[in-house]
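Predicted model, so just to flag it, every value in this text is computed and none were measured.
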Amino acid sequence: MNTFGTLYRLTSFGESHGPAIGGVIDGMPAGIKVDTDLLRREMARRRPGQSQLTTQRKEDDEVEILSGIFEGLTTGTPIGFLVRNKDQHSQDYSNLKDIFRPSHADYTYFAKYGDVRDYRGGGRSSARETISRVVGGAFAKMALSQLGVTVRAYTSQVGTIALDPDYHKYDLSQTELNDVRCPDSQKAEMMAELIRKVRSEGDTIGGVITCVIQGMPAGVGEPVFDKLHAALGYAMLGINAVKGFEYGLGFAGTLQQGSEQNDIFVPSADGRITTRTNRSGGIQGGISNGQDIYLRVAFKPVATLLRDQPTVDKEGRPVTFKATGRHDPCVLPRAVPIVEAMAAMTLLDQYLQQRARTHFMP
């Protein structure tokens, strides 16, 4: 479907080469001050053409708000918005009409919808659709800031170049100081050089984004089918090119024994209950425990290569295909705000569900 969320809901629409990408946010709490600077920053972080490491498509990605805001505050009614497409080069995709690109959604869209798919830039399957998610995430961040919750993501791995898994070793405020969005400046330059290298070869590279959520109160999340980590995993796995998700120690934790992994409860200085360690990643039993929530999202290399690849056309005949147009050699730098957006929307949605339950007045 095209709607995400339960109480805080985002419905998105639009194609890569259509007139616009847009959406409707429903369930936004009333009375939240709209931070237009935050919205512009989030859009600028995702937009194409922002550095030599990304696609050179030029889009302003200015958000037109159509409803749901009055005198700088959210009204609680649906927020409608548009971001108009301006720099489409649809002719670059004319050779895709009858061809299925390797590892793209061309064939699966054809199998699902028949011969009416929009092949220009991937149509609805294009990562340009994530514009709507970033807008929805920006508004979710505005609401979460009222709770003291922050959501920060960064590039933690490109190819085999990786940061230490312990995010405490890095100053996350440094993330936006380089084009890769990595808080370690030396590793960031190594990553950038690798991206430039694979781009010069007509190839692509994948990696990992780490996301750290701080200030989330304990008690948010569901105990069985809608566990908080399951909701976050669902959100992340719905992002284009994502192939894996883990939280806390994740797969690395399988190498430990229980005595090494357990988070021991202790009293904090202010009388609250806390844990001595946080190997659980801030979630236990599907519910937040008040500690930092940290997670990692694996992105595959971009499927579009600027080199010859064998494939077939819609009749099943073998053909040789070489992509043209403007493409990202690595999605990681532009995917950082998308990961943050999906996390923010999930957290606000889960928080509102908890509030609805605990503040029910018969």
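Classification of Arg46 and Glu42 as a salt-bridged pair fails, no side-chain N sitting under 4.0 Å from a carboxylate O. Here Glu222 pairs with Arg357 in a salt bridge; the nearest charged N to carboxylate O distance falls below 4.0 Å. A salt bridge links Arg101 and Asp106; the closest N-O separation between the charged side-chain nitrogens and carboxylate oxygens is under 4.0 Å. A salt bridge links Glu340 with Lys141: the distance from a Lys NZ or Arg NE/NH1/NH2 to an Asp or Glu carboxylate oxygen falls below 4.0 Å. For the pair Asp203 and Arg307, the salt-bridge criterion is met [side-chain N within less than 4.0 Å of a carboxylate O].
Note: the hydrophobic cluster containing Tyr8 does not contain Leu73 (ILVMFWY, side chain heavy atoms under 4.5 Å, direct or indirect links). By the rule that hydrophobic residues join a cluster once side-chain heavy atoms approach within less than 4.5 Å of another member, Leu7 and Tyr351 end up as members of one cluster. When hydrophobic clusters are built by joining Ile, Leu, Val, Met, Phe, Trp and Tyr residues whose side-chain heavy atoms come closer than 4.5 Å, directly or via intermediates, Phe299 is not grouped with Val208. Residues Leu66 and Val34 fall into different hydrophobic clusters, defined by Ile, Leu, Val, Met, Phe, Trp and Tyr side chains chained together at heavy-atom separations under 4.5 Å. A continuous path of ILVMFWY side-chain contacts below 4.5 Å connects Leu194 to Met190, so both sit in one hydrophobic cluster.
Ring-plane geometry between Phe110 and Tyr107 is classed as tilted, the angle between the planes lying from 30 to 60 degrees on a 0 to 90 degree scale.
Considering CD of Glu62 and CD of Glu64, their distance stands at 8.5 Å, rounded to 0.5 Å. The CD1 atom of Ile195 sits 8.5 Å away from atom CE of Met191, with the distance rounded to the nearest 0.5 Å. Within the model, atoms OG of Ser156 and CZ of Arg296 stand 8.0 Å from one another, a figure rounded to the nearest 0.5 Å. Expressed to the nearest 0.5 Å, how far CD1 of Ile65 lies from CG of Leu82 amounts to 9.5 Å. For the atom pair CG (Asp292) and NE2 (His168), the distance works out to 5.5 Å, reported to the nearest 0.5 Å. Interatomic distance, Tyr154 OH to Cys211 SG, rounded to the nearest 0.5 Å: 9.5 Å.
Tyr247 and Tyr294 have their aromatic ring centers separated by at least 6.0 angstrom.
Across Thr204, Ile205, Val198, a single residue satisfies side-chain contact (heavy atoms from CB on, under 4.5 Å) together with Cys330, and that is Ile205. With Leu347 as reference, Ile213 is the one residue of Ile213, Leu352, Val220 to meet the side-chain contact (heavy atoms from CB on, under 4.5 Å) rule.
When the shell of 6.0 Å around CD1 of Ile273 is examined, it contains 12 or fewer heavy atoms from other residues, nucleotides or ligands.
The main-chain N or O of Arg334 is never found under 3.5 Å from a side-chain atom of Arg45 such that the two would form a donor-acceptor pair. Panel note: side chain Arg9, backbone Val24; no donor-acceptor pair is recorded below 3.5 Å. A donor-acceptor pair under 3.5 Å links the side-chain atoms of Asp263 to the main chain of Ser280, judged by distance alone.
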Given side chain to side chain donor-acceptor pair (under 3.5 Å), test Ser126 with Glu15 step by step and report yes or no. CA-CA 7 Å; Ser126 168; Glu15 292 82 30; over 6 Å; no

For a side chain to side chain contact (heavy atoms under 4.5 Å, CB included) check, start with the C-alpha distance between Phe13 and Asn2, then their side-chain angles and the critical distance, and finish with the verdict. CA-CA 7 Å; Phe13 63 85; Asn2 299 290; over 6 Å; no

Please test Asp61 against Arg128 for side chain to side chain contact (heavy atoms under 4.5 Å, CB included), starting from the C-alpha separation and ending with a verdict. CA-CA 10 Å; Asp61 285 354; Arg128 188 150 178 79; 2.7 Å; yes

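Proximity of Met236 to Val339: side-chain heavy atoms (C-beta onward) are separated by under 4.5 Å at one or more points.
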